Every structure is written in C-alpha cells, then in structure tokens.
Visitor: 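The following block contains the structure, expressed as structure tokens.
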Amino acid sequence: MVNKLINFIQDGQKLTVNYDNKPLILTVITPEIVRVFQDRGNASNSYAIDGDKSIKTDFKVKEKDGHVELSTAKLTVKIYDDEKIDVYDEKGNPLILDYRKKRTPIDRQMDEEHLKLAESEGHDVKNLLGAHNKDYYEIVKSLADDEQFYGLGDKTGFINKRHYAYDNWNTDNPDPQVESFTRLYKSIPILLGLKNKHPYGIFFDNTYRNHIDLGKESNDYYYYSAVDGNIDYYIIGGDSLKEVITNYTYLTGRVPMPQKWTLGYQQSRWGYSVSQKQVEKIAENLRKYDLPCDVLHLDIDYMNGYRVFTWRKDTYEKPADFVKKMRKLGFRIITIIDPGVKKDNHDYKIYQEGIEKGYFVKAPDGTVYVNQVWPGDSVFPDFGRKEVRKWWAKNCKYLVDLGVAGIWDDMNEPASFKGEIPQDVIFHNEEEASTHKKMHNVYGHNMAKATYEGLKKYSGKRPFVITRAAYAGTQKFSTVWTGDNQSLWTHVQMMIPQLCNLGMSGFSFAGTDIGGFGADTTPELLTRWIEGALFSPLYRNHAALGTRSQEPWVFGEPTLSIYRKYLKLRYRFIPYLYDEFYRETKTGLPIMRPLVLNYENDTQVYNLNDEYMVGEDILAAPVVQEGQTKRAVYLPKGKWIDFWNGVEHAGKTTILVDAPIDKLPLFIKKNTILPWGKEVSHISDEPDESMTFRLFGKRGKYVHYQDNGTDFKYQKGEYNLYEVKVNKDGSVKVKLEKHGFGPVYRRITVQLPNKKVVFKYKNGKYVIK
C-alpha cells in the first residue's frame, strides 16, 4: 500500500512533508547540509551537535511531477510517496537515491537439515544467517557500480568499507581484532561516499544500536537500520571529499588546538605504575638511552585498590612531589581513570558522595546498579546528567592539583566484568530518565566531556583527554586511540586504514598502541611500528601486563638505534604537525589522511591501505609485512622527492623502493617548504628563539603558526603567522604576517638544496643576516 505524499508546509528553513502516516521534516542547515527527521516518540536532543548550526540559507521549494523538490545552491532534494528521497548535487549528479525494491537477504545455502546440524555443533545459527534483531526502522539507498565508502571511525578492516557491514554499539571485545569484527569501542556513524566520483556524506545521529550494510548483502543497495529512536540523519554535500568533511566537522565540531607537548613521544605500560621506583626507572632509561619523550602514562596500578581519584601510598611517596620530580626531568604524567567507582562505604568519599546525591545509574527496581570492574563491585556515574558531569569534572581537580598533565579515560563503553549491563538499567538523557539501551553509545562521550570540562576549569590549559569509547562529536573534547590491539602484523597493517578513517570522521587526534597492547612483540614488528606511526598524532607505545616488555632498550641493537632515529625524526616534524592542527581548526581536515582524500579522482587510491599522507605534502609508505626490505610505492600525480636521498620521481606511477629495516619510505611533494624542528629530548615550555625551514624542490610558499602551545589565548588572537617564500630565481622572503603572540623567532634559517639563507628579526621585519 502506497504511503501517499499529501502536502508540505514551509516554516522558515523547516519543511514538513505530510503523508498518510507520519510526516517527514527536512531542515536546511546550510546550503550543503539538510537534516531529515521523523519523530518516533524519542527525545530529539543531539550529543554530537552543540547548539543551532543553522545559517540563513536561500532555497526553493516547489511541487513537480508528483513530488516535492527542495533546492539550495549546492543540493537538490526530491521527496516522493512512501517517504522516498533522492539527493543530487547542484549539477544534477545523483548522490543519495532511495532504493525502491525490497531487500534480498544473502542466500547462505543453509537448508533446515544443515541449520539443525550447525546448531547441534554449538554454532549461533542466527549469526550464521546474518540475522539481526527486528529493527525499528531501516533506510535503504541505491548502490552504484562505482561507489566507494569511507569514514565510520575506527572500524577494523580496510580503508574502503564497500562490501562490508558494521554495527554501532560500543564494545570492549578482548579477542584479537580482525576485519570480521562488526563493532569496536566507538560509534561514529558518519558515512562518506564517492558515487561515480561525486562526493557526499550521511551522518546518522541516533545513539541506539544501529547497523550499516555497505553492499555486503547486495550490490544493488546499502542500508542503515536501528533498533529504536527517531529517523534523524544529515545529508552533507560538498564539491570534494575535503569539503564534505569540512561541512561535517562544522556540524559536529573540530579538534581544538592541542598543547604542543602532546605531539611528543609517549611511553606507557600496564604494570610499571605499580610503584614510583618502576616509573622512575623507565624515565631514567629513556634519558640514559637518549630517547626523546614527553609523557609517561600511569595505568590502573597507581590507584589505591583501583579506586578512582585516589593515589596509593604504599609504593609512592607524596604524589605531588613525584609528579614534580618527573617534570624536572622533562616528563609529564598522564593518569588513567575508569568510570567504575568502587562500592566502598569505608572512608571512600567518591562513592559515598555519589550515593548520597543519587549520581549513579540504577536498576529498574530503583536500587543502585552494581556490576564488577577492576575494583570489584562497582557502580557507574550517570554521565547523561549535567550535574553528574559537573561533579566528575570537580573530582578531576584532585589530579590537576597534584600536577597531572592529562587524563586517560578507559573502560567507558562502559565495560563490565559480570556480563553486559542490561539494556533496561536506568540512565539519564539529560534530565529525562532513559535507559542503557539509548545512552550506551554516548556514555564514553559524556565521560570525556566531563573530564575535558574539569581539566579546562582547574588547569586553565588546553585539556589533554584520551578516551577509548566515543561517539560522533567526541573529537571536541578528547583524543582517541584504537583500543586493545595486539602485537600482530595484521594490526600494524590495520593501523593505517583505522587512523585514516578516524581522521576523515572528525577525529584528527588519534593513535594506536605502538608495538601492540596484547601478545608479545618482536624487534622487527616494534621497529616497523615506530616507523609506520611516525606521523600518527598520538605517538604512544603501550603494552599490557604479562606481555613481553617493549621498551626499545629491551631488544638491544639495532632496534634501539633505529627507534631512537625515528623518535628524533618525529620531533623534527612536530612544528609541521602543529601547523597542521592549526589548519585543522579551520577546515576539520585530518593530519594523517588516506591518499583518496587528496586525490579523489584517482581510482588507483580508492583501496590503497598501506600508504598515507600527512596534510597535502608528505607521503609515507610504511613496511607492514614481516621480512620485507623492498616495497612498491604508488605516487599520485605531480612530482615527488625522496626524503632520504633527494631523488625526484614522476607521479601517477608505482615505483619499487629499497626499505631496509631502518628505512621508512618517505616522499615530499616537489616545491614544498616544511618547518624543521630542533633535536630535543622533550618539548620546552619556553618559546623557540629560532626556526628552520627546508625547501624540497626549487620554489615554494609556506605559512607557519606559532603560539604559546599551552592555553586558550590563541582564541583571542595571541598567535603569530609567518610566510616563508622561495621564488623561482632562488630569492627568499620571510614575513611576519600576523604578530599577536609576543615572542617571535629572533632567527629564521631557510635551507635550500644548495645553500642556507639566514634571517634575523630587526625593527619588526626579517632581514637577511
């Protein structure tokens, strides 16, 4: 039976399309963003989008050939009977078209006899058939022969998500992550598409468990389904994939400028934080072996019986003195915090205050819900409530006052040891009593937000928060990592697509556990990992209790020397990475990105999984196969200069390069200028007095950013912009384009292929020395 389109009503930028059944509401947010909404009785507040993002937009609505047509300067949306919607760009190219036929489940060739046999052997027959819970609704879109998919955060597998299916339900699964995993710790339902080389995005803003099939079931369609909630998704246009991402991050937020030291190397291991002596030994060895490092992480062992916001006294002296001592050596301390609060009536203020004020989630019978995590019996803060987030933020002051430089939020899916938290446990959606079923996917998001607010309020600095669980928009508050990977070659391989898709999903500040968290690494694997992750914004080696130690000195030579070489190289590139973060705050574009983002019309890069780019000018091609000492590298259009030997290569071709154990194949786009940091053991609090820029090629132009690297004064204009230009004739100019930050470089060196040009700052200008 046809669900007839009756009429439409326009109210400002909102278009209500009435049907025999429920109306559809389309809202023009910007010329490139249109929201599609259908009220199904759920609250419609968004955790991903803060405030009203609508801007005044000219658009037209008209009836045409039995359908309604909404047109902005960039998108045309056609609305038909049966709530069908087709979307085109301004040139009439189809982007998102509703599928008009019925879905056809995959034929698994399983008759009743074989199903019974499989069941008797202990197989999950429903899973075998690809069956899901009866979905509340589904949205089915037509799939073109040439249609590629990216985004969705850090799902496992390859860069291009076509032919795969995923679930959004934040999950702590201790098994080794493989490409068949449908879900991990984060739910980031932004889908980026290229249909016949025309880009678009769809952001599904629904916190309930949902499923997305990108052509696994059929080559004719892809579909999204959810177990509950309103229909609520955003159509996102743009002239390029970059513009789509810029528009998406306008909607959900961008990664703010990090503190500069957070781009330095970070060392971690579950286990050594059991005592001050063990942490000090790690610090001592890092300096002894000349390994640059800015951060030491303390895992759960530093706490008193795993009670959050406590510090053990038996193996530590005064925590504040310890943190101060580490700081003098150039190390900042990051402490882990979990959401599970130990059930403890004996002199544990956090639990007692939370109980007294009713801050913990409750079972359906009204009692406080108890499960188990590291401290044993534990209760869970109801982070959906503003007052609970404020309380958590206030508790962060304890760590800030001790001198802790950042907080690492873990186990916040939320994970639990005594079975999964039942879906009917009472969680709050702001002031409205809701359920775990609705709030599960934003639990980590709200915890990260509370942590961010606490660090910002009590430190006055740009908060450094790391979270394992996240939702779309969490990038405004927190860095992320991909969770508990393992010391497996498949995981160093997966690092590239995971971090690139995270970046395209708005999470520009991301990383993996270098060397692998679980299992035992090898010298070769650790070496290739520290090389391959060279430009990963979060650059942290982290390992699990009970695994082989993976600090580089454990393996002796040549591992130690190669590791040192890449740590020192990382610090040389930090000024460039910091510049890229400045650009990201303006565009939302990631620092580490897949080649398809820069070259979306090049079909050779649609499925390229073992190379990545840094901004627009650097191409890295890590070795991710054991024993490999040569590898093929695809260079996109243009000319490319080998970073190591200066040899120039033409683009749009594949070359074979030598890659011995100490070499990361690295190429710089010809006519690029890069800032070149000093060789240091850690990032200084003091502003640099000099800076070097390196030219790759014969000419180039570069804009470099400088601020104090720690607080929010840059938002009030306290930053400097420098323009460095090398002309065709070899002449060099340096100009201070904006002077909002007091200190400037007293000396700037521009390194050309054949000479150095040195400038000094004199009377507000740079003149050749």
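Because the structure is predicted, anything quoted here is derived from the model rather than measured.
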Visitor: When you compare the side chain of Lys101 with that of Asp220, does any pair of heavy atoms fall below 4.5 Å?
Guide: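 SC-SC contact between Asp220 and Lys101 ruled out.
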Visitor: Is the count of non-hydrogen atoms from other residues, nucleotides or ligands lying under 6.0 Å from Asp58 atom CG greater than 12?
Guide: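 At most 12 heavy atoms, drawn from other residues, nucleotides or ligands, come within 6.0 Å of this atom.
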Visitor: Output the distance between atom NZ (Lys637) and atom OH (Tyr599), rounded to the nearest 0.5 Å.
Guide: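 Interatomic distance, Lys637 NZ to Tyr599 OH, rounded to 0.5 Å: 7.5 Å.
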Visitor: Evaluate the ring planes of Tyr582 and Tyr705, with Trp represented by its six-membered ring, and classify them as parallel (under 30°), tilted (30 to 60°) or perpendicular (over 60°).
Guide: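 The rings of Tyr582 and Tyr705 lie parallel, inter-plane angle below 30°.
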Visitor: Once you round to the nearest 0.5 Å, how far does CG of Asp232 lie from CZ of Arg40?
Guide: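 Spacing of CG (Asp232) from CZ (Arg40) equals 12.0 Å.
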Visitor: Could you tell me whether a side-chain N or O of Tyr137 sits under 3.5 Å from a main-chain N or O of Asn230, the two making a donor and an acceptor?
Guide: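 Side chain of Tyr137 to backbone of Asn230: a pair is present.
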Visitor: Is it the case that Arg100 places NZ or CZ above or below the six-membered ring of Tyr80, under 6.0 angstrom from the centre and within 45 degrees of the axis?
Guide: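 Checked: cation-pi criterion met.
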Visitor: So, for Gly215 and Tyr222, which heavy atoms are closest and what is the spacing to 0.1 Å?
Guide: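 Where Gly215 meets Tyr222 most closely, the heavy atoms are N-CB, 4.1 Å.
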Visitor: So do the side chains of Lys91 and His198 get within less than 4.5 Å of each other, counting heavy atoms only?
Guide: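 Lys91 does not reach His198 side chain to side chain.
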Visitor: Going from CD on Glu147 to OH on Tyr200, what distance comes out if it is rounded to the nearest 0.5 angstrom?
Guide: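 One gets 3.5 Å once the value is rounded to the nearest 0.5 Å.
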Visitor: In plain terms, say whether Lys78 and Asp65 are close enough for a salt bridge, that is, a side-chain N and a carboxylate O under 4.0 Å apart.
Guide: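 Salt bridge absent between Lys78 and Asp65.
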Visitor: Any side-chain to backbone donor/acceptor pair from Tyr221 onto Thr104? Under 3.5 Å, distance only.
Guide: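 Confirmed, Tyr221 side chain pairs with Thr104 backbone.
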Visitor: Would you say that more than 12 heavy atoms from the other residues, nucleotides or ligands in this model lie under 6.0 Å from the CG of Asn45, or not?
Guide: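 Buried by this count: over 12 neighbours within 6.0 Å.
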Visitor: What are the two closest non-hydrogen atoms of Phe149 and Leu191, and how far apart are they?
Guide: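 Looking at all heavy atoms of both residues, the closest pair is CD2-CD1, 3.7 Å.
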Visitor: Does the side chain of Val68 reach to within under 4.5 Å of the side chain of Val61, using non-hydrogen atoms?
Guide: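 With C-beta onward as the side chain, the pair touches.
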Visitor: Just checking His440 against Phe427, ring centres under 6.0 Å apart?
Guide: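 Centroid distance His440-Phe427: not below 6.0 Å, so no.
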Visitor: Pick one: which of Phe509, Phe507, Tyr471, Tyr452 meets ring pair (Phe, Tyr, Trp, His ring centres under 6.0 Å) with Phe477?
Guide: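 Going through Phe509, Phe507, Tyr471, Tyr452 one by one, the ring pair (Phe, Tyr, Trp, His ring centres under 6.0 Å) with Phe477 is satisfied by Tyr452 alone.
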Visitor: Test your reading of the model: is there a side-chain donor-acceptor pair from Arg35 to the backbone of Ile25, 3.5 Å cut-off?
Guide: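 Between the backbone of Ile25 and the side chain of Arg35 there is no qualifying donor-acceptor contact (under 3.5 Å).
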Visitor: Working to the nearest 0.5 angstrom, can you tell me the gap between Gln10 CD and Thr16 OG1?
Guide: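 The CD atom of Gln10 sits 10.0 Å away from the OG1 atom of Thr16.
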Visitor: Ignoring hydrogens and angles, state whether a donor on the side chain of Lys155 or Asn168 is under 3.5 Å from an acceptor on the partner side chain.
Guide: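 On atom types as modelled, these side chains qualify, holding a pair under 3.5 Å.
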Visitor: May I ask you to test the Asn446-Met439 pair for a side-chain heavy-atom distance under 4.5 Å?
Guide: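 Yes; the side chains approach each other to less than 4.5 Å.
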Visitor: Could you go through Thr585 and Arg254, starting from their C-alpha distance and side-chain angles, then the distance that decides it, and tell me whether this counts as side-chain hydrogen bond (donor to acceptor under 3.5 Å, both in side chains)?
Guide: CA-CA 6 Å; Thr585 63; Arg254 293 179 183 143; over 6 Å; no
Visitor: So that I can tick it off, tell me whether Arg468 and Glu413 are bridged by a salt bridge, with the cut-off set at under 4.0 angstrom between side-chain N and carboxylate O.
Guide: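 Judged by the 4.0 Å cut-off on N to carboxylate O distance, Glu413 and Arg468 do form a salt bridge.
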Visitor: Just checking Lys197: does its NZ atom have more than 12 heavy atoms from other residues, nucleotides or ligands closer to it than 6.0 angstrom?
Guide: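 Result for NZ/Lys197: enclosed.
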Visitor: Judged by atom type as modelled, is there a donor-acceptor pair below 3.5 Å linking the side chain of Asp86 to the main-chain atoms of Lys84?
Guide: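 It does not hold such a pair.
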Visitor: Does Asp154 pair with Lys186 as a salt bridge, N-O distance under 4.0 Å?
Guide: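 Salt bridge present between Asp154 and Lys186.
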Visitor: Does a side chain donor of either Thr474 or His445 reach within less than 3.5 Å of an acceptor in the other side chain?
Guide: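 Side chains of Thr474 and His445: pair found under 3.5 Å.
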Visitor: When you compare the side chains of Thr467 and Asn412, does any donor N or O come within less than 3.5 Å of an acceptor on the partner?
Guide: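 Short answer, yes.
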Visitor: Regarding Ser54 and Asp52, do their side chains bring together a donor and an acceptor under 3.5 Å, going by distance alone?
Guide: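 A pair is found: one side chain offers a donor N or O, the other an acceptor, under 3.5 Å apart.
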Visitor: Should the heavy atoms of other residues, nucleotides or ligands under 6.0 Å from NZ of Lys362 be counted, would the total exceed 12?
Guide: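 It does not: Lys362 NZ has 12 such atoms or fewer within range.
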Visitor: Test your reading of the model: is there a side-chain donor-acceptor pair from Ser46 to the backbone of Ala48, 3.5 Å cut-off?
Guide: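 Flag set: sc Ser46 to bb Ala48 pair under 3.5 Å.
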Visitor: Looking at Asn501 and Leu152, would you say the former's side chain and the latter's main chain have a donor-acceptor pair under 3.5 Å?
Guide: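 Not a single qualifying donor-acceptor pair exists.
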Visitor: Does this structure show an ion pair linking Arg583 with Glu580, if we count only N-O contacts that are shorter than 4.0 Å?
Guide: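 Salt bridge present between Arg583 and Glu580.
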Visitor: Surrounding CD of Glu63 (heavy atoms of other residues, nucleotides or ligands, distance under 6.0 Å), is the total greater than 12?
Guide: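 No, because the 6.0 Å sphere around CD of Glu63 holds 12 heavy atoms or fewer from other groups.
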Visitor: State plainly whether the residues Lys437 and Asp228 are in salt-bridge range, i.e. N to O under 4.0 Å.
Guide: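 Yes, Lys437 and Asp228 are salt-bridged.
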Visitor: Please check this pair: side chain of Glu611 against backbone of Leu595, looking for a donor-acceptor N/O pair closer than 3.5 Å.
Guide: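 Absent.
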Visitor: For the side chain of Arg462 and the backbone of Pro258, is there at least one donor-acceptor N/O pair under 3.5 Å apart?
Guide: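 Yes, because the side chain of Arg462 sits within donor-acceptor range (under 3.5 Å) of the backbone of Pro258.
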Visitor: Rounded to the nearest 0.5 Å, what separates atom CG in Asn247 from atom NZ in Lys242?
Guide: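 Asn247 atom CG to Lys242 atom NZ measures 14.0 Å (nearest 0.5 Å).
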Visitor: Relative to each other, are the rings of Tyr248 and Phe203 parallel, tilted or perpendicular (30° and 60° limits)?
Guide: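 Rings of Tyr248 and Phe203: perpendicular, over 60°.
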Visitor: Arg103 versus Glu138: any side-chain heavy-atom pair under 4.5 Å?
Guide: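 They are in side-chain contact.
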Visitor: Check the surroundings of atom NZ in Lys457: do more than 12 heavy atoms from other residues, nucleotides or ligands lie under 6.0 Å from it?
Guide: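 For Lys457, atom NZ is not crowded (no more than 12 foreign heavy atoms under 6.0 Å).
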Visitor: I would like to know whether Asn7 and Asn18 meet side-chain hydrogen bond (donor to acceptor under 3.5 Å, both in side chains); could you show each step before the answer?
Guide: CA-CA 5 Å; Asn7 60 23; Asn18 291 306; 2.8 Å; yes
Visitor: Closest approach of Gly237 and Leu75, non-hydrogen atoms and distance?
Guide: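 Scanning both residues, the minimum pair turns out to be CA-CD2, 4.1 Å.
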Visitor: Does any N or O in the side chain of Asn429 come within less than 3.5 Å of the main-chain N or O of Glu432, such that one atom is a donor and the other an acceptor?
Guide: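 No, Asn429 side chain to Glu432 backbone: no donor-acceptor pair under 3.5 Å.
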Visitor: Distance only, no hydrogens: is a donor on one side chain within 3.5 Å (strictly under) of an acceptor on the other, for Ser187 and Asn170?
Guide: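 The criterion, which ignores hydrogens and geometry beyond distance, is satisfied for Asn170 and Ser187.
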Visitor: Among Tyr185, Tyr47, Phe383, find the one that has a ring pair (Phe, Tyr, Trp, His ring centres under 6.0 Å) with Tyr443.
Guide: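 Result for ring pair (Phe, Tyr, Trp, His ring centres under 6.0 Å) with Tyr443: Phe383.
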Visitor: Verify, without hydrogens or angle tests, whether Glu600 (side chain) and Leu241 (backbone) share a donor-acceptor contact under 3.5 angstrom.
Guide: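 It does hold such a pair.
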Visitor: Once rounded to the nearest 0.5 Å, what's the spacing between atom CD of Gln475 and atom OG of Ser505?
Guide: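 Interatomic distance, Gln475 CD to Ser505 OG, rounded to 0.5 Å: 9.0 Å.
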Visitor: In the structure I gave you, are the side-chain heavy atoms of Asn160 and Val596 within less than 4.5 Å of one another anywhere?
Guide: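 Not touching, per the 4.5 Å side-chain cut-off.
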Visitor: Can you give me the closest heavy-atom contact between Asp409 and Ala448, atom names plus distance?
Guide: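 That would be OD2-CA, 3.5 Å.
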Visitor: May I ask you to say whether Asp98 pairs ionically with Lys141, meaning some side-chain N is under 4.0 Å from a carboxylate O?
Guide: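 So Asp98 pairs with Lys141 through a salt bridge.
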Visitor: Is the NZ or CZ atom of Lys53 positioned over Tyr250's six-membered ring, under 6.0 angstrom from the centre and within 45° of the axis?
Guide: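 Yes.
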